[in-house]
Protein chains: 2
Amino acid sequence: MTLKTPKKSHHHGDLRNALIKAGIEILEEGGIDALSLRKCAARAGVSHAAPAHHFDGLPGLKGAIASEAFAVFSRHMLEAAQSEGDSPQARLKGICRGYVQFGLAHRALLDTIFGIDMSDLRREPIEHDDSSAYQILRDACAPFVPDGTQPEVVEFQVWSLIHGYTMLFVRGHLGEIMPTDVTDGPFEEVMALLDRVGTAPKS
Amino acid sequence: MTLKTPKKSHHHGDLRNALIKAGIEILEEGGIDALSLRKCAARAGVSHAAPAHHFDGLPGLKGAIASEAFAVFSRHMLEAAQSEGDSPQARLKGICRGYVQFGLAHRALLDTIFGIDMSDLRREPIEHDDSSAYQILRDACAPFVPDGTQPEVVEFQVWSLIHGYTMLFVRGHLGEIMPTDVTDGPFEEVMALLDRVGTAPKS
DNA sequence: TGGCGCAACTTGACACTGTCAACTTGACGC
DNA sequence: GCGTCAAGTTGACAGTGTCAAGTTGCGCCA
């Protein structure tokens, strides 16, 4: 009759994932400043110093949360890619719209993902598998790569444009009002630049 | 013979500016996480609770520092605008290069400026005068605004592109190595998109 | 001139945070 | 049975923001 928990190796069993899950909940509820090791520990039902055995301090926990949040972000992107239509143009635009929508709906997660400094050795590496948001964006950019140019260039152009727009927009830097929806900002107008993506000479 | 200090109304005289200056020093030395009210107070030579009388908590101090950092940023942009050449294209590109260079040289200041949430009522407002970075960017974009389109659109396109590129680049999200100079990344290739700025139809 | 008022700070306390050393617990191999 | 070791606990410490209460010194008005 020991089938109460599916796996219980030592004490908690899966504390690491429990802490990450608790951290995401805290982030969604209270924003990036609300996250702390002790609150994660309390929510996971363990002592305040337990997280130190799984992560290297708060930066380590943030890195692990960023990896998980990035997976959520990637799934969101995948759905967004199909939401706008089937053409390459529609697919790319859907991804960009999904980027902004994710930023509005999960600001703290976006802050966590892109607040990561890649030079911080205490972070957990964010994995770039084939279903990652990076790969989804790269695939969506592929039809727009002119012959003879590096595919990364188009990807970086699009990524810079939508990332900058999202960051400025969700923090209210682009307009007078604080946005609650993509339609509150000049999304369509700015994304018109997507039609001119690529590095081929002007005319 | 009371001309030792230009103005000394009560005790310190100019504590508010002294705290902002101390905060910028701390930011430049230790990054955004190093900033605290108590360290600013200590560096300014006042008691730990003194900042509360000039700013509404840490967000308030960060807002005030952001305003000052934005002025520094604006001066940097003004110089950068003239560094690349006299043509409108060169001017705009110089601004963008200056954006990235400022981000590399003063990361914590950029984090402070653009970490501000405009919905946070505790912040100090960032002033938009005629010499602000926003206005400099707007002026540089003016030659590229097609007839019959709103000037803000081009500005937002350029701003989104360079802001996103800078944020991703300085945190090392765009490449394997951690950048120390603009030439460490695909700046030229991404900025090729600037030649296609504007909202007129494709051909 | 004298005292009143108030802004500009100080002082002390509190709860919360990350971090560390020392300790306990329980699973596993032999 | 016993040692070993990972996993987690406990208690302490310095640093943090914030609040209430006290102090100080300048300006103003009678």
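Residue numbering restarts at 1 for every chain, and letters A, B, ... go by the order of the sequence lines.
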Can you tell me if the side-chain N/O atoms of His54(B) get under 4.0 Å from OP1 or OP2 in dA7(C)?
no
Quick test of your reading: applying side-chain hydrogen bond (donor to acceptor under 3.5 Å, both in side chains), list the pairs with at least one residue in residues 23-45 of chain B, sequence neighbours left out, ordered by first then second residue.
Glu25(B)-Arg43(B), Glu28(B)-His106(B), Glu29(B)-Arg43(B)
For Arg171(A) versus Ile116(B), what's the shortest heavy-atom pair and its separation?
CD-O, 3.4 Å
In whole angstroms, how far is the C1' atom of dT16(D) from the CG atom of Asp33(A)?
13 Å
Check nucleotides 15-19 of chain C against the protein and report each pair of N or O atoms closer than 3.5 Å, with its distance, or say if there are none.
{"unit_1": "dT17(C)", "atom_1": "OP1", "unit_2": "Ser36(A)", "atom_2": "OG", "d": "3.4"}
{"unit_1": "dG18(C)", "atom_1": "OP1", "unit_2": "Leu37(A)", "atom_2": "N", "d": "2.8"}
{"unit_1": "dG18(C)", "atom_1": "OP2", "unit_2": "Leu37(A)", "atom_2": "N", "d": "3.1"}
{"unit_1": "dG18(C)", "atom_1": "OP2", "unit_2": "Arg38(A)", "atom_2": "N", "d": "3.2"}
{"unit_1": "dG18(C)", "atom_1": "N7", "unit_2": "Arg38(A)", "atom_2": "NH1", "d": "2.5"}
{"unit_1": "dG18(C)", "atom_1": "O6", "unit_2": "Arg38(A)", "atom_2": "NH1", "d": "2.9"}
{"unit_1": "dT19(C)", "atom_1": "OP1", "unit_2": "Arg122(A)", "atom_2": "NH2", "d": "3.4"}
{"unit_1": "dT19(C)", "atom_1": "O4", "unit_2": "Arg38(A)", "atom_2": "NH1", "d": "3.3"}

Sequence neighbours excluded - ring pair (Phe, Tyr, Trp, His ring centres under 6.0 Å) pairs with any residue from residues 70-93 of chain B
Phe70(B)-Tyr134(B), Phe73(B)-Tyr99(B), Phe73(B)-Phe102(B), His76(B)-Phe102(B)
Please report the end-to-end axis angle for the helix from dT1(C)-dA30(D) to dC30(C)-dG1(D), five pairs per end, rounded to 10 degrees.
10°
Using the test side-chain hydrogen bond (donor to acceptor under 3.5 Å, both in side chains), find all partners of Glu188(B) that sit at least two apart in sequence or belong to another chain.
Lys93(B), Arg97(B)
Taking all non-hydrogen atoms of both residues into account, name the closest pair between Pro51(B) and Leu19(B) and its distance.
CA-CD1, 3.9 Å
Which residues pass the side-chain hydrogen bond (donor to acceptor under 3.5 Å, both in side chains) test with Asp120(B), not counting sequence neighbours?
none
Give me the atom names and distance for the closest heavy-atom approach of Asp181(B) to Leu104(B).
C-CD1, 3.5 Å
Interface with DNA chain D, restricted to residues 111-119 of chain B and to heavy atoms under 4.0 Å
none
Taking only residues two or more places apart in sequence or in another chain, which ones pass ring pair (Phe, Tyr, Trp, His ring centres under 6.0 Å) with His173(B)?
Phe114(A)
Could you tell me which residues satisfy salt bridge (Lys or Arg N to Asp or Glu O under 4.0 Å) with Asp139(B), sequence neighbours excluded, listed by chain and number?
none
For residues Thr166(B) and Gly103(B), report the shortest heavy-atom separation together with the two atoms involved.
CG2-CA, 4.4 Å
Contacts of Phe169(B) that satisfy ring pair (Phe, Tyr, Trp, His ring centres under 6.0 Å) - sequence neighbours left out:
Tyr165(B)
In residues 15-27 of chain B, what residues come within less than 4.0 Å of DNA chain D, judged by heavy atoms?
none
Between Ser160(B) and Leu161(A) the two heavy atoms that sit nearest each other are CB-O, 3.6 Å
Once salt bridge (Lys or Arg N to Asp or Glu O under 4.0 Å) is applied, do any residues pair with Arg107(B), and if so which ones, sequence neighbours excluded?
Asp117(A), Asp111(B)
